[in-house]
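Positions are given from 1, in the same order as the sequence printed here.
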Amino acid sequence: MEHLQKNLWLLRRFLPYLWKRKGVLITDLFCASLTTLCEIALPLAVRKITDAAVQNLADLTARLILTTGAVYLVLRLLDAAASYYMNSHGHYMGAQIETDMRNDLFAHMQGLSFSFFDNTKIGQLMSRLTSDLFDVTEFAHHFPEELCITTIKILACLLIFARMSLLMAGAVFLVVPLMVLVTRRSRRKMRQAFVESRKQVGEINSVAENSLLGIRVVKSFSNEAAEERKFRGSNRHFFGIKRRSYAYMAQYHTVTRLFDGLMYLAVVCLGAVLLRRGGMSVGDFSLSLLLVSTLLGSVRRIIEFTQQFNQGITGIERFAEVMDELTETDDAKNAAELTGVRGEIRFEDVSFLYPGTQRYVLRHLDLHIAPGESVALVGPSGGGKTTLCNLIPRFYDVTEGTIRIDGQDARALTLASLRRNIGVVQQDVYLFSGTVRENIAYGLPRAAEEDVREAARLAGADVFIEQLPEGYDTYVGERGLKLSGGQKQRISIARVFLKNPPILILDEATSALDNESERLVQRSLDRLAAGRTTLTIAHRLTTIRRAKEILVLTEDGIVERGTHEELAAQGGIYANMLHG
């Protein structure tokens, strides 16, 4: 019962997508009904001809044969036309539904929080976006069709059998529910195996993605064999799951074939007895055999569709799991737009711990940054520097306390307007697969060409860009692999220049660069920070000497604060870092 309830719940989640294409769906179901009635017409025609031949051969006239043949030919032509519609437009409908679901799933993923991505493998998400939804195409098309066809066939066969013999109808239709009960366990195990299979496909995607994205590290450590072993292990586990699913499927098919035989046996034996007693005509007996063949054909279609159903419903289940994750883009009721930003930032008794953890990263922190002020954060790893900066654009929400931007609670602002006014330059630069121009314009997608070039000039990137083979149209490769670290960093700075935000966060933006690249990038950063409220997380202390205030952040909170000269003279943590 629980299994049935879950399937019904998943179908309800799926129905809005199906009903969106209701015009095609209704026509498709009409065509399915038409093909089913055409199929049932043949046994009825055979009975009519058989009875005429057995009872009085003179009744089997040329006119009867031609009329029956002509009617059946017309029905087969209608069947062909209906079948064409089902196989063309029905599949188009399935593909459209898959497309709609994939668009909705990707849009939903874009709104999920950092916490979700911290705990989810990208390979698993890719699997849900692609292979999980492939099966929905066939499911969307065939599920309503098969439901319609099977219902009509079973009801029609039951009605015809009942009119011929209630005993025959009871014998035949006792077998079908009995078969459903006996195969229940196999069907449940098949469903579980398909769920496991989908998860393992995500694991394979994850293993392959990690290895291929890190191929340079793999090769530098000569670890190709180790990566192959990991992939083979994941692939072997997938094979084990598939083997189990096929074993359950084999059990299912074997049991249903046995019940096929029982149904034929019941019809032949009972039919023979009724013929002997005069309770059934020869035509009815022929009709019974053909109807059983039609009914069993329908049952076999259900069996074949069971695998497709399980795969489709599993895809819908994994789709629903992600769609039920809460997004961060749901703004508070009556959230305000952040406009006319001066850049004042205030932390009021802020505490934070990451979801699923027990240790506070920040506790009861108070901090005030005036508009246009430059503040640097230093301290040992794990002290909460990056976490503090991530709280300002609400990549994570505070656990306790309040962060205010120009006096307004950040949680009472729309996320889009808040993040539009904050620029972030990180140590780990991410460039998208595309051209230099596209990556700079990511900061302002509709920017004019001259604005893109001006942003590159301000970031000190224009000179090296002009020297690239195709200038601004040069393809940068996956994650910008065709560019050096310094070049990638300057493009990321140009991206922020183009965005032109009043608040700037620099997260160890030069720590991974060589001295020459650091010098060039630091010059660009100094230009970028001018006139903006700036928070700089620094690893190299030489880059923050001119900061108006330097905060030393440890697990105990802000333990030192002051200018470079003041902190250097105190002989505390900052001084030790400076001389260490």
Side-chain angles (χ1 to χ4, degrees), residues 343-347 350 361-362 365-393 403 422-429 458-460 485-486 488-490 492-497 501-580:
E344 180 191 28
I345 303 172
R346 189 182 293 274
F347 283 68
V350 168
V361 182
L362 300 172
L365 185 137
D366 291 295
L367 174 64
H368 177 246
I369 304 171
E373 191 173 76
S374 174
V375 172
L377 299 173
V378 299
S381 297
K385 301 184 296 297
T386 298
T387 299
L388 184 150
C389 290
N390 283 337
L391 294 176
I392 298 171
I403 296 176
I422 299 172
V424 182
V425 180
Q426 297 171 319
Q427 174 187 350
D428 184 18
V429 178
L458 291 170
K488 287 193 290 186
Q489 193 63 279
R490 277 178 279 169
S492 75
I493 294 170
R495 200 152 56 187
V496 178
F497 260 119
I503 298 173
L504 185 63
I505 297 172
L506 307 177
D507 189 352
E508 300 195 64
T510 64
S511 62
L513 304 178
D514 59 71
N515 291 335
E516 178 59 23
S517 295
E518 180 188 6
R519 184 181 61 79
L520 294 171
V521 169
Q522 189 59 50
R523 190 183 304 161
S524 302
L525 290 173
D526 290 341
R527 280 199 294 268
L528 180 61
R532 307 176 201 269
T533 302
T534 307
L535 277 84
T536 304
I537 299 174
H539 176 70
R540 297 178 179 175
L541 303 186
T542 54
T543 63
I544 57 168
R545 289 176 181 269
R546 291 193 297 274
K548 183 173 182 181
E549 185 175 34
I550 299 172
L551 310 177
V552 180
L553 190 63
T554 70
E555 293 182 357
D556 298 321
I558 299 174
V559 294
E560 295 179 9
R561 61 196 312 163
T563 64
H564 168 74
E565 291 75 16
E566 290 170 348
L567 294 179
Q570 284 181 14
I573 295 175
Y574 183 82
N576 290 334
M577 292 174 64
L578 189 62
H579 300 297

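Note on residues 543-575: pairs passing ring-ring contact (aromatic ring centres under 6.0 Å, His included), not counting sequence neighbours, are H564-Y574. Residues in residues 371-393 take part in these salt bridge (Lys or Arg N to Asp or Glu O under 4.0 Å) pairs, two or more places apart or across chains: E373-K548.
Taking OG1 of T563 as the start and CD1 of I550 as the end, the distance is 7.0 Å to the nearest 0.5 Å. One finds the CG atom of L377 at 9.0 Å from the OG1 atom of T386 (value rounded to the nearest 0.5 Å). I392 contributes atom CD1, which lies 4.5 Å from atom CG of L535 (distance to the nearest 0.5 angstrom).
Contact record, A568 with A575: O-CB, 3.7 Å, taken as the closest heavy-atom pair. Shortest non-hydrogen contact noted between A459 and I493 is CB-CG2, 3.9 Å. Pairing each heavy atom of P393 with each of I505, the nearest pair is CD-CD1, 4.1 Å.
Here P502 pairs with V341, N421 under the side chain to side chain contact (heavy atoms under 4.5 Å, CB included) rule; sequence neighbours left out. Qualifying ring-ring contact (aromatic ring centres under 6.0 Å, His included) partners for F497, counting only residues two or more places apart in sequence or in other chains: none. In this view, Q570 and E560, L567 satisfy the side chain to side chain contact (heavy atoms under 4.5 Å, CB included) rule, not counting sequence neighbours. In this structure R346 satisfies the salt bridge (charged side-chain N to carboxylate O under 4.0 Å, His left out) test together with E344, sequence neighbours excluded. With sequence neighbours excluded, the residues satisfying side chain to side chain donor-acceptor pair (under 3.5 Å) with T387 are Y354. The side chain to side chain donor-acceptor pair (under 3.5 Å) check on S492 picks up Q489, with sequence neighbours excluded. For A529, the side chain to side chain contact (heavy atoms under 4.5 Å, CB included) partners are L504, T534, not counting sequence neighbours. Under the side chain to side chain donor-acceptor pair (under 3.5 Å) criterion, D366 pairs with no residue, sequence neighbours left out. Partners of R561 under the side chain to side chain donor-acceptor pair (under 3.5 Å) rule, at least two apart in sequence or in another chain, are E549.
L551 pairs with exactly one of L367, V378, V559 by the side chain to side chain contact (heavy atoms under 4.5 Å, CB included) rule, that one being L367.
Between I558 and L365, some side-chain heavy-atom pair lies under the 4.5 Å cut-off. Residues V375 and I345 are not in side-chain contact: their nearest non-hydrogen atoms beyond the backbone lie 4.5 Å or more apart. The shortest side-chain heavy-atom distance between L553 and L362 falls under the 4.5 Å cut-off. C389 is not listed as a side-chain neighbour of D507, based on a closest heavy-atom distance of 4.5 Å or more.
At least one donor-acceptor pair closer than 3.5 Å links the side chain of T554 to the backbone N or O of D556.
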